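Beneath this line is the structure, given in structure tokens, with notes to follow.
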Amino acid sequence: MSAVLLSGKQLAQTIREKAHQEARELEADGLRPTLAVVVATDDGSTHWYVRSIERAAGSAGIGCRIVDLGPDATEQVLASVLQDLSGDPSVHGIILQTPLPPGVGTDELVGHIAPEKDVDGANPLSLGRLAVGRPSFAPATARAVIEILDHFDIPLAGRNVVVIGRSAVVGKPLSLLLLERDAAVTVCHSRSGPLEKYTRTADVVVVAAGRTGLLKGSHVLSGAVVIDVGTNVLPDGSLVGDVDEDSVRGIAAALTPVPGGVGSVTTSLLLLHTTEAAREQARTLVPGSAG
Ligand code: NAP
């Protein structure tokens with residue numbers, strides 16, 4: 001048996017087309033949905049990623065404003081830029097791209113992103129609202145995992161799901177989204193002990209640790225579904241996930257590839273969140289307009 005590959009490409013395309021359609025409708029009402037991406041690094045792979053968001057936005061009729069503050073930007077400058085963008089009516093979504101300059105912390109800064117423009121669910125208010133089931137944007141990567149599972153008709157209610165990783169951007173929000181879908185959720189991390197103690201009973205394993213080859217075939221049940229969120233750049237420049245594909249492929253029933261899995265869906269969801277944010281902001285400003 002060899003695991004079926006759960007490619008995210010078709011789903012990513014469908015979501016991007018939906019965002020494009022939304023953008024056309026908003027444009028007909030005189031509003032161009034616009035995403036601002038704040039960058040403060042000279043890291044090449046980050047700039048490559050930001051350009052890929054810009055290209056995807058362009059092809060979906062969404063404006064993309066890259067605010068590049070350079071690798072020496074101070075926390076004060078970043079905070080002030082995020083506040084300005086939050087108050088700018090021509091911007092509907094804001095992302096603060098990591099990594100940030102040394103010594104600049106993400107935690108305080110993301111609090112300056114207005115919750116209604118927080119299309120990547122970075123502000124702690126968004127996570128709090130998610131925790132109590134109030135409307136908010138979930139981090140796009142966490143939502144991408146759910147969208148992939150839904151797209152391939154993988155049931156979640158009453159299923160045993162193990163999430164490896166407990167970060168505020170992936171593991172925690174994903175565990176909340178899974179709970180909302182009535183899964184029985186276990187979250188593992190670097191201090192939770194041997195992974196197989198948890199993963200060997202899981203119907204679905206989601207790994208988001210950023211550790212090449214962390215999840216091996218011996219960790220998973222025969223027939224399990226494995227979602228690989230990890231993105232690790234090898235010395236030769238190639239991109240791999242957290243799953244040891246060679247050993248997992250023969251055991252799992254299905255596996256997302258890296259690249260071409262969760263990551264491709266994530267970018268499309270950022271665009272869709274931006275059109276959703278623009279529509280909601282237009283509705284709030286002028287009751288009855290833009291849908
Ligand atoms: P992070 O903040 O570094 O968190 C990693 C998590 O994994 C932590 O909770 C850590 O545990 C846990 N962990 C690390 N080593 C482990 C081990 N040996 N066993 C069990 N748990 C372990 O990373 P992140 O921002 O959540 O991102 C995780 C991965 O997803 C990275 O590869 C990142 O590049 C990727 N990512 C992909 C996308 C996408 O769109 N595809 C988007 C975002 C992130 P502790 O809490 O105990 O330290």
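Quick note: residue numbers are just sequence positions, from 1. Counting convention: from 1, in listed order, for ligands and their atoms alike. Keep in mind it's a predicted model, so treat the numbers as computed, not measured.
Atom 3 (O) of ligand 1 lies below 4.0 Å from none of the non-hydrogen atoms of the protein.
Among all protein heavy atoms, the one lying closest to atom 48 (O) of ligand 1 is Ser190 OG, 3.6 Å. The single protein non-hydrogen atom nearest to atom 40 (O) of ligand 1 is Thr266 OG1, 3.1 Å, given as residue, atom name and distance. The closest protein non-hydrogen atom to atom 28 (C) of ligand 1 is Ala208 O, 3.4 Å. Closest to atom 18 (N) of ligand 1 among all protein heavy atoms lies Leu214 CD1, 3.5 Å. When only non-hydrogen protein atoms are considered, atom 42 (C) of ligand 1 lies nearest to Thr141 OG1, 2.9 Å. Looking only at protein heavy atoms, the nearest one to atom 12 (C) of ligand 1 is Gly165 CA, 4.0 Å.
Contact check for Arg65 versus Asp88: side-chain heavy atoms found under the 4.5 Å cut-off. Contact of the Pro139 side chain with the Val170 side chain is not registered, since no non-hydrogen atoms from C-beta on lie closer than 4.5 Å. Annotation: side chain of Val37 is not in contact with side chain of Val67 (no heavy-atom distance under 4.5 Å).
Within ligand 1, counting atoms from 1 as listed, the ones closer than 4.0 Å to a heavy atom of Ile164 are 20 (C), 21 (N). Numbered from 1 in the order shown, with element, the atoms of ligand 1 that lie under 4.0 Å from a heavy atom of Val229 read 30 (O), 35 (C), 36 (N), 37 (C), 41 (N). Near Gly263, meaning under 4.0 Å from one of its heavy atoms, ligand 1 places the atoms 40 (O), 41 (N).
Assignment of Gly171 to the shell around ligand 1 is not supported, since no heavy atom sits closer than 4.0 Å.
Remark: Glu196 does not engage Arg200 in a salt bridge, criterion side-chain N to carboxylate O under 4.0 Å. Taking a cutoff of 4.0 Å between a charged side-chain nitrogen and a carboxylate oxygen, Glu147 and Arg143 qualify as a salt bridge.
For His92 and Gln281, the side-chain atoms include no donor-acceptor pair closer than 3.5 Å.
Looking at Thr231 against ligand 1, both its backbone and its side chain come within 4.0 Å, counting heavy atoms. Only the side chain of Val169 comes within 4.0 Å of ligand 1, counting heavy atoms alone; its backbone N, CA, C and O stay farther away.
Among Leu195, Val207, Val170, Asp120, the residue whose heavy atom lies nearest to atom 44 (C) of ligand 1 is Val170. Distances from atom 20 (C) of ligand 1 to the heavy atoms of Arg211, Arg166, His189, Arg191 show the closest one on His189. Residue Ala209 holds the heavy atom nearest to atom 5 (C) of ligand 1 of all those in Ala209, Gly8, Gly210, Ser167.
The residue from Leu149, Val205, Val206 that alone fulfils the side-chain contact (heavy atoms from CB on, under 4.5 Å) condition with Val225 is Leu149.
Between the side chain of Lys172 and the backbone N or O of Gly165, no donor-acceptor pair lies under 3.5 Å.
Residues that satisfy the salt bridge (Lys or Arg N to Asp or Glu O under 4.0 Å) test with Glu116, not counting sequence neighbours, are absent from this structure.
Cluster membership check: Leu177 shares its hydrophobic cluster with Ile154, using side-chain heavy-atom separations under 4.5 Å among Ile, Leu, Val, Met, Phe, Trp and Tyr.
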